[in-house]
Amino acid sequence: MPRAPEFLHSVFMRENPTFRQKDRSTSPAVDVRELQQFYGTYEAVRGVSFTVARGELFALLGTNGAGKTTTLEVMEGYRAPGAGTVRVLGLDPYRDGPQVRRRIGVMLQEGGFFPELTVRETVDCWRGFISGARRTREVLDQVDLAGRAGVRVGQLSGGERRRLDLALAVLNGPELLFLDEPTTGMDPEARRNTWRLVEELRANGTTVVLTTHYLEEAQQLADRVAIMTRGRIAAAGTVADVLSGRGATITFRVPAGLRADDLPALPAPGGAPALTGGDQGVPRTATYAVDRTGPALAALHRWAAGRDVELDGIEVRTASLEDVFLALAEEGGTARAEQTEQAGRKAGIR
Ligand SMILES: Nc1ncnc2c1ncn2[C@@H]1O[C@H](COP(=O)(O)OP(=O)(O)OP(=O)(O)O)[C@@H](O)[C@H]1O
């Protein structure tokens with residue numbers, strides 16, 4: 001037997017199908033299905049699907065021109081989907097724009113500010129557009145700009161401007177925050193402070209969707225990531241999911257007096273190591289790329305014990321997000337070729 005509030009809730013939901021459809025608590029924060037987006041005839045986003053759960057921090061990664069910002073702009077309601085469906089907090093962000101915008105915060109790649117206004121005046125000015133906005137002082141404290149409140153925006157550093165962008169994005173106390181490359185232009189300390197702030201927001205229940213070029217940022221912050229290349233999602237999941245099965249490298253200094261032929265073939269793709277160094281005082285180093293570290297290390301230790309040699313400087317390094325990112329970028333065409341193509345297109349069409 002349901003208790004009274006649950007019972008009333010279930011009756012209300014049954015009698016109000018429209019409300020049920022927009023139920024805030026059960027629908028994912030973001031639900032993107034088979035999204036396609038075109039610029040003229042160019043298909044910038046080619047059938048992308050993912051969901052972001054409430055309270056999750058989701059990072060969209062990818063090479064330049066992969067389609068991250070375009071996907072973000074559809075989620076933010078700035079563009080109608082070319083094909084497919086997008087739901088944000090259970091609503092259609094394009095059709096239900098005003099309703100959605102009240103509940104989300106958006107930090108664009110480049111915010112437009114009036115350089116003559118001070119930081120405080122800028123925030124006050126934005127507060128005028130928002131009902132129930134948070135207090136200026138509170139928001140400036142949160143982004144560590146309270147000490148710069150009286151400074152003209154034109155005199156802020158690049159990193160400080162990004163923090164002002166962030167202040168404006170969280171002014172309405174959003175349930176869902178979109179951050180497009182939030183730490184670009186920040187020094188390492190400011191970047192870490194921003195990570196702390198984003199972690200605090202998430203700890204307080206805010207859902208965060210971010211794009212970033214800093215892979216350690218995604219590795220540090222994200223519950224789940226999706227890596228886009230050329231308009232498609234090439235890998236997605238937790239960082240551990242994305243790294244799983246991506247292998248590792250085993251490196252050690254080649255013992256003195258041994259030739260390349262003396263080194264063992266390990267259970268690894270190709271079996272043989274890559275050799276580096278060996279002249280001008282640089283020690284000769286062997287590196288094996290292996291799928292599974294256990295059998296490869298066991299074989300290496302058997303070989304070393306049999307020859308009575310030391311494996312000096314041995315290091316086992318599992319694949320990082322950067323390794324996976326670069327491998328995927330190469331699979332989708334080299335990142336460099338892609339960037340050149342994008343630059344040409346941007347120059348011609350934008
Ligand atoms: N207004 C536009 N007109 C024409 N092409 C565009 C336009 N905006 C984006 N594009 C193209 O669409 C593709 C995806 O661009 P998008 O900005 O979404 O990529 P991105 O992954 O965010 O890249 P970056 O990391 O460089 O910001 C690119 O090839 C880009 O050149």
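Note that ligands are numbered from 1 as they come in the structure, with each ligand's atoms numbered from 1 the same way.
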**Q** How does L72 reach ligand 1, by side chain, by backbone, by both or by neither, if only non-hydrogen atoms under 4.0 Å count?
**A** neither

**Q** Under 4.0 Å from a heavy atom of T70: give me the atoms of ligand 1 that qualify, with their elements.
**A** 14 (C), 15 (O), 16 (P), 18 (O)

**Q** Under a 4.0 angstrom heavy-atom cut-off, which atoms of ligand 1 come close to T63?
**A** 21 (O)

**Q** At less than 4.0 angstrom from any non-hydrogen atom of A66, what atoms of ligand 1 do you find?
**A** 19 (O), 20 (P), 21 (O)

**Q** For D223 and T238, test the side chains for any donor-to-acceptor distance below 3.5 angstrom and give the result as yes or no.
**A** no

**Q** Number the atoms of ligand 1 from 1 as they appear, then name those within less than 4.0 Å of a heavy atom of E181, with their elements.
**A** 25 (O), 27 (O)

**Q** Taking the six-membered ring for Trp, are Y94 and Y78 ring centroids under 6.0 Å apart?
**A** no

**Q** Between the side chains of T51 and D31, does any donor sit under 3.5 Å from an acceptor?
**A** no

**Q** Only heavy atoms of T69, strictly under 4.0 Å: list the atoms of ligand 1 that pass.
**A** 17 (O), 18 (O), 20 (P), 22 (O), 27 (O)

**Q** Is it the case that R191 places NZ or CZ above or below the six-membered ring of Y214, under 6.0 angstrom from the centre and within 45 degrees of the axis?
**A** yes

**Q** Please confirm whether H213 comes under 4.0 Å of ligand 1, counting heavy atoms of the residue only.
**A** yes

**Q** Given the rule in the side-chain hydrogen bond (donor to acceptor under 3.5 Å, both in side chains) test, do W195 and E217 qualify, once you have shown the distances and angles that lead to the verdict?
**A** CA-CA 8 Å; W195 292 356; E217 183 160 298; 2.8 Å; yes

**Q** Indicate the ring-plane relationship of W303 and F252, choosing parallel, tilted or perpendicular according to the 30° and 60° boundaries.
**A** tilted

**Q** Count the heavy atoms belonging to other residues, nucleotides or ligands that lie under 6.0 Å from CZ of R152, then report whether that count exceeds 12.
**A** no

**Q** For ligand 1, is G62 a contact, meaning one of its heavy atoms is under 4.0 Å away?
**A** no

**Q** Return a yes/no value for A44: is any of its N or O atoms, backbone included, closer than 3.5 angstrom to an N or O of ligand 1?
**A** no

**Q** Compute the minimum heavy-atom distance from T211 to ligand 1 and say whether it is under 4.0 Å.
**A** no

